[in-house]
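Reading through the structure tokens given below for one structure.
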Amino acid sequence: MHCPILIAVVIWSSCVDSQKIRGISLSYKRFYRERKSFLCIDGSKLIPFDQVNDDYCDCADGSDEPGTAACPDGRFYCTNLGYRPHYIPSSRVNDAICDCCDASDEYNSHTACQNTCRNLGQRERAEVKSQMRALDQGLRLKQQLIEEGVLTWRDKQAQLRDLQRVLDDLQTQLDDLRKEDARRKKEVDALRELEIGALETEENSTSHIMNESPVSIFYELDSNRDGRSTVFRLLSVMQSPSHLLHLCLTWPHQCLCPQALLGGGHHVDLSRFEETLWNSIRIGHNVTVRSTAEKAAAELKKVEDAYETVYMEIRDLREKLATDYGPEREFLFLYNQCFQLKVHEYFYELCPFNQVTQTSASGAEVSLGKWGSWAGSPQHRYSQMKYENGEPCWQGPTRNTVVTLTCGTETALRSVKEPGKCQYVAEFQTPVACRPALRQQGVHSEL
Ligand code: MAN
């Protein structure tokens, strides 16, 4: 007869005790030994166990009331079986609002809370699964990008070598052209001297020639009227030594050999006379000397400009190759790429390792910073980039941008915000930011 009563008592007592340990995580359960005295977790007080969760706060740390709202700083543990356990402030216990997905916080408020943990858990697991798939895909893509980076690196090195060769050739040309230019300049100087000399000589012996036609001069020289004149007679009309000198400047190799100058032989006809000596005497050699010198200077300038261009290209390329593209040069594929995003009225552009810009609807472009450095934590240096010294902010600092790199299957600028005036933060997603360690860490914040 006594047996059913005994069972009822046992059931009742275990029921009371299980209620007593409500709101406690599994790891803390060892502090709550049923039917023994309870020592506040901070060790400050020993109380009978029936004072645990009796809706009266005995312990200063609130540890005696984990399942009631009695202690001001207490916390209630939601077991949330099938989902993620978590703590809520114990003031939310029985406040008629369902906080724990297993409804355990509303055990005495008569609020009809549903246990939604299973659904939440399923949804979260599906999400994590797809994130893991994305992470795996991201890691595969990263590998491809690293391989592409290796090829790009080789290309750039070859380009550098080619440019260096071009520069060396240009240097050789420059050396020659500089010598030629100096020689031509000397000729012009000599010519100037001669001109000054000629001006000083009142009696310019060839001045009468200048005023006459080549036909009449040639007629004078062609005494036997056979349409030819001897070279020696021609040369004799040039009584001024300056003209001989002019000729020598124009045809330095031939000036000592008048026959060669006049096309060989001892005779010369009218047209040959006009083409050579006449033009030379009348207009020719000083113009020729000067235009030759100008041509030499122009050619020199052209090659100097080409040298400058190639030199700058080499400098830029060397600078770019000296950039830190990550331990496996995995970020090299971003070289010369830009990514855009429109946020409200602004259009943002990130050109990795170069700059960040902001363009307003009016088309005005503002620099939000130039490439500075990697700025992640010491463990994850390559997780953030810093772009500095952008356009100064009105009555403020110069604009700068911190770009956080997150793992994803695409490479794209995901967000740009301005949490402080002219201080911008951006999220840049790329497979290259995927790390195998994210698998263990969980990828919630990363993907
Ligand atoms: C522009 C933009 C803004 C910035 C203000 C500061 O409007 O660059 O992002 O806050 O200038 O004056």
Side-chain angles (χ1 to χ4, degrees), residues 127 131 134-135 138 141-142 145 149 152 156 312-313 315-326 329-435 438 441-447:
E127 206 178 301
Q131 286 173 349
L135 174 60
L141 288 169
K142 178 178 180 174
L145 291 170
T152 309
K156 296 289 157 204
M312 299 297 256
E313 265 182 66
R315 206 194 53 184
D316 286 355
L317 194 55
R318 281 222 174 101
E319 205 176 281
K320 281 186 177 148
L321 292 178
T323 304
D324 180 358
Y325 293 109
R329 298 210 183 95
E330 61 269 44
F331 294 99
L332 182 64
F333 81 102
L334 295 171
Y335 174 95
N336 275 355
Q337 286 204 61
C338 290
F339 302 85
Q340 295 83 21
L341 183 71
K342 188 165 184 316
V343 183
H344 306 306
E345 74 270 37
Y346 294 117
F347 185 78
Y348 292 92
E349 186 171 66
L350 164 69
C351 300
F353 308 107
N354 186 3
Q355 59 170 354
V356 184
T357 56
Q358 177 197 58
T359 306
S360 60
S362 69
E365 189 183 287
V366 167
S367 165
L368 303 189
K370 287 165 213 73
W371 165 246
S373 58
W374 288 105
S377 64
Q379 298 83 14
H380 303 300
R381 220 165 87 70
Y382 299 97
S383 63
Q384 277 193 335
M385 293 170 153
K386 216 154 123 190
Y387 292 80
E388 304 159 312
N389 297 321
E391 188 120 338
C393 189
W394 189 68
Q395 290 189 331
T398 54
R399 287 171 172 82
N400 67 54
T401 307
V402 172
V403 179
T404 299
L405 285 86
T406 55
C407 165
T409 51
E410 283 170 14
T411 297
L413 184 57
R414 288 291 182 219
S415 72
V416 183
K417 292 181 189 140
E418 190 181 350
K421 198 170 176 194
C422 295
Q423 309 297 296
Y424 304 83
V425 291
E427 186 202 337
F428 181 56
Q429 206 174 62
T430 170
V432 174
C434 296
R435 289 175 286 119
L438 291 176
Q441 285 171 19
V443 278
H444 290 99
S445 57
E446 294 273 353
L447 286 171

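Just so it is clear, the values below take in all heavy atoms, side chains as well, and ignore hydrogens, waters and symmetry mates. Note that ligands are numbered from 1 as they come in the structure, with each ligand's atoms numbered from 1 the same way. Numbers here simply count residues along the sequence, with the first being 1.
- The OH atom of Y387 sits 9.0 Å away from the OG1 atom of T401 when rounded to the nearest 0.5 Å.
- Of all heavy-atom pairs spanning T398 and Q423, the tightest one is O-NE2, 3.6 Å.
- Neither side chain, E427 nor T404, offers a donor N or O lying under 3.5 Å from an acceptor on the other.
- Enumerated by chain and number, the residues approaching ligand 1 to less than 4.0 Å through a heavy atom are Y346, Q358, C393, R399, E418, K421, C422, Y424.
- The main-chain N or O of L321 is never found under 3.5 Å from a side-chain atom of K156 such that the two would form a donor-acceptor pair.
- The main-chain N or O of F428 is never found under 3.5 Å from a side-chain atom of R414 such that the two would form a donor-acceptor pair.
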When the side chains of residues 343-356 are checked against the rest of the protein, which donor-acceptor pairs come out under 3.5 Å, sequence neighbours left out?
| residue | atom | partner | partner atom | Å |
| --- | --- | --- | --- | --- |
| Y348 | OH | Q358 | NE2 | 3.2 |
| E349 | OE2 | Q340 | NE2 | 2.5 |

